[in-house]
Number of protein chains: 2
Amino acid sequence: MLTIGSLGKKTGTKVQTVRYYEQIGLMPEPGRTEGGQRRYGDAEVDRLSFIRHARQLGFPLEAIRELLDLSDNPDRSCHEADSIARRQLKQVELRMDRLKALRTELKRMIHECSGGNTADCKVLEVLRDHSECLTDHDEIGA
Amino acid sequence: MLTIGSLGKKTGTKVQTVRYYEQIGLMPEPGRTEGGQRRYGDAEVDRLSFIRHARQLGFPLEAIRELLDLSDNPDRSCHEADSIARRQLKQVELRMDRLKALRTELKRMIHECSGGNTADCKVLEVLRDHSECLTDHDEIGA
DNA sequence: CTTGAACCTCTAGCAGCTAGAACATTTAGA
DNA sequence: TCTAAATGTTCTAGCTGCTAGAGGTTCAAG
């Protein structure tokens, strides 16, 4: 039986985060000691590892909720899990594309820095002038 | 003289966002009509364009605040602006590296989907088993 | 002068945690 | 057995960068 602290250490999760996952129903309510402290078993270690691993892959918590749900019902179709993963891959590729465009423009900005005072600073100039800009008026590369 | 709505349209910014920028002091308090509505001039269009452009490049609002500050004081060194931009470029490259690793693992996951039921779903299996994982216990690819 | 679009302020919400206050429990050493 | 430190508890509020909604006012066209 593990305390919340050792569970956290085992899975690379902060204590607060574990409690947060419990609060939003991603982790089950665990057993408690007489004094009211949480105690965890192997199943919880596995579940939390699963969650953290998925988070590291960028899955949003709602997607993880679905994946856990699929995992709890072994008779449901694998395709559902597959399509969640594919959706996630699309997101990742979209973000990569945006970041690539940003990097290009940032490099251009920096390359032209003359080293004088801000009056003729290329960095500021590029930010001021939107006309040569490659990025569109869309979302932000987050 | 522009209303907040036309300022928004000109710069690709939502009305609420303009007011938010004013609230946090990124945009100045504009003049008002007798009835209390905001009216903007060219200077504000420029300033807001600058902000939006920088946002599209992923600069956090605090960095933008610094950049605007530099822009307002033309005698200060260009190197400060340059180093802010370089910092931002580093961030972008860091994120790209992380996304690349994520993409690799996601692709691996998806490739192995057998199409049966979730009991032997590779996607879920990969998430369950952390041992082959390329990503470390660090931050999340946001 | 009326109408309807655009404006106003204020509050609360989103993701996904993180931090702090103020207190209780557990555990190891003396 | 007692005590002190480490770890646990709940609760509330904060972070970034907006976004949405309620409930009301102003403006400009016809």
Side-chain angles (χ1 to χ4, degrees), chain A residues 1-27 29-40 44 48 50-68 88 91 95 98 137-142, chain B residues 1-27 29-40 44 48 50-68 88 91 95 98 137-142:
Chain A
M1 283 300 174
L2 297 167
T3 64
I4 195 170
S6 12
L7 174 67
K9 240 162 237 161
K10 266 206 170 185
T11 58
T13 319
K14 298 210 172 162
V15 167
Q16 316 276 61
T17 306
V18 179
R19 289 198 278 246
Y20 171 71
Y21 288 160
E22 180 185 329
Q23 194 187 299
I24 63 169
L26 264 194
M27 288 291 289
E29 292 190 19
R32 301 265 185 159
T33 62
E34 291 243 318
Q37 298 195 354
R38 292 165 178 84
R39 287 299 121 96
Y40 297 93
E44 279 91 358
L48 186 51
F50 183 103
I51 295 171
R52 294 311 291 174
H53 193 183
R55 283 298 295 135
Q56 277 161 24
L57 289 170
F59 287 90
L61 292 180
E62 275 323 296
I64 295 172
R65 205 188 288 276
E66 288 180 67
L67 288 167
L68 283 166
Q88 179 56 19
Q91 286 297 311
R95 279 194 224 156
R98 272 197 258 141
H137 257 237
D138 256 31
E139 283 161 273
I140 289 153
Chain B
M1 282 301 174
L2 298 168
T3 64
I4 194 169
S6 11
L7 174 66
K9 239 163 237 161
K10 265 205 171 188
T11 57
T13 319
K14 300 213 168 159
V15 167
Q16 315 278 58
T17 306
V18 180
R19 289 198 278 248
Y20 171 71
Y21 288 161
E22 181 186 329
Q23 194 186 300
I24 62 168
L26 263 194
M27 287 293 287
E29 291 189 20
R32 302 265 184 157
T33 62
E34 293 242 320
Q37 298 195 354
R38 292 168 178 83
R39 286 300 121 96
Y40 296 94
E44 279 89 358
L48 186 51
F50 184 103
I51 294 171
R52 294 311 291 175
H53 193 181
R55 282 298 295 135
Q56 277 161 24
L57 289 169
F59 287 90
L61 292 179
E62 275 322 296
I64 295 173
R65 204 188 289 275
E66 288 181 69
L67 289 166
L68 283 166
Q88 179 56 20
Q91 286 296 312
R95 280 194 223 154
R98 271 196 260 141
H137 257 233
D138 256 30
E139 284 160 272
I140 289 152

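Every chain is numbered from 1 and lettered A, B, ... according to where its sequence line falls, protein lines coming before strand lines.
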Distance in Å, A:R98 CZ paired with A:R95 CZ, rounded so as to fall on 0.5 Å steps: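 Nearest 0.5 Å value for the CZ-CZ distance: 8.0 Å.
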
Which nucleotide in the set C:dG16, C:dC7, D:dT19 lies at the smallest distance from any side-chain heavy atom of B:K14?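 Nearest to the side chain of B:K14 among the choices is D:dT19.
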
Of all the nucleotides listed (C:dC8, D:dG8, D:dA28), which has the minimum atom distance to the side chain of A:V15?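 Out of C:dC8, D:dG8, D:dA28, the nucleotide with an atom closest to A:V15's side chain is D:dG8.
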
Output the rounded distance in Å from [atom1] ([X]) to [atom2] ([N]).
| X | N | atom1 | atom2 | answer |
| --- | --- | --- | --- | --- |
| B:Y40 | C:dA6 | OH | P | 17 Å |
| B:R39 | C:dA6 | CZ | P | 13 Å |
| A:K9 | D:dA6 | NZ | C1' | 10 Å |
| B:I64 | D:dT16 | CD1 | C1' | 12 Å |
| B:L48 | D:dG17 | CG | C1' | 14 Å |
| A:F59 | C:dG16 | CZ | P | 13 Å |
| B:Y20 | D:dG21 | OH | P | 19 Å |
| B:E22 | C:dT9 | CD | C1' | 12 Å |

Hey, does the side chain of [X] come within less than 4.0 Å of [N]'s phosphate (OP1/OP2), counting only N and O?
| X | N | result |
| --- | --- | --- |
| B:R38 | C:dC7 | no |
| A:T3 | D:dT7 | no |
| A:Y21 | C:dG16 | no |
| A:T33 | C:dT26 | yes |
| B:R55 | D:dC18 | yes |
| B:R52 | D:dC18 | yes |
| A:T17 | C:dT18 | yes |

Side chain of A:E44, backbone of A:M27: donor and acceptor closer than 3.5 Å?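 Not a single qualifying donor-acceptor pair exists.
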
Kindly say whether B:T3 contributes a backbone atom to a donor-acceptor pair with the side chain of B:Q37 at under 3.5 angstrom?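 Looks like no, no N/O pair under 3.5 Å.
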
B:R32 or A:G35, whichever maps to the more 5' nucleotide of DNA chain C: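 The residue mapped nearer the 5' terminus is B:R32.
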
Which part of the nucleic acid, if any, lies within contact of A:I24, taking any heavy atom under 4.0 Å across all strands shown: a base, the sugar-phosphate backbone alone, or nothing?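 Touches nothing.
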
Let's go through B:R39 and B:R32 carefully: what are the C-alpha distance in whole Å and the side-chain angles of both, what is the deciding distance for side-chain contact (heavy atoms from CB on, under 4.5 Å) to 0.1 Å, and is it a yes or a no? CA-CA 6 Å; B:R39 286 300 121 96; B:R32 302 265 184 157; over 6 Å; no

Please examine the side chains of A:L61 and A:I64, heavy atoms only from C-beta on, and report whether any two atoms are closer than 4.5 Å.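 A:I64 reaches A:L61 side chain to side chain.
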
Under 3.5 Å, is there any donor-acceptor pair linking the side chain of B:Q16 to the base of D:dA20?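 For B:Q16, whose side chain was compared with the base of D:dA20, there is a donor-acceptor pair (under 3.5 Å).
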
Given A:Q16, A:Q23, A:E22, the one that forms side-chain hydrogen bond (donor to acceptor under 3.5 Å, both in side chains) with A:R19: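 For A:R19, the side-chain hydrogen bond (donor to acceptor under 3.5 Å, both in side chains) check succeeds only for A:Q16.
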
Mapping B:E34 and B:E62 onto DNA chain D by nearest heavy atom, which one lands closer to the 5' end?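 Its nucleotide being nearer the 5' end, the pick is B:E62.
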
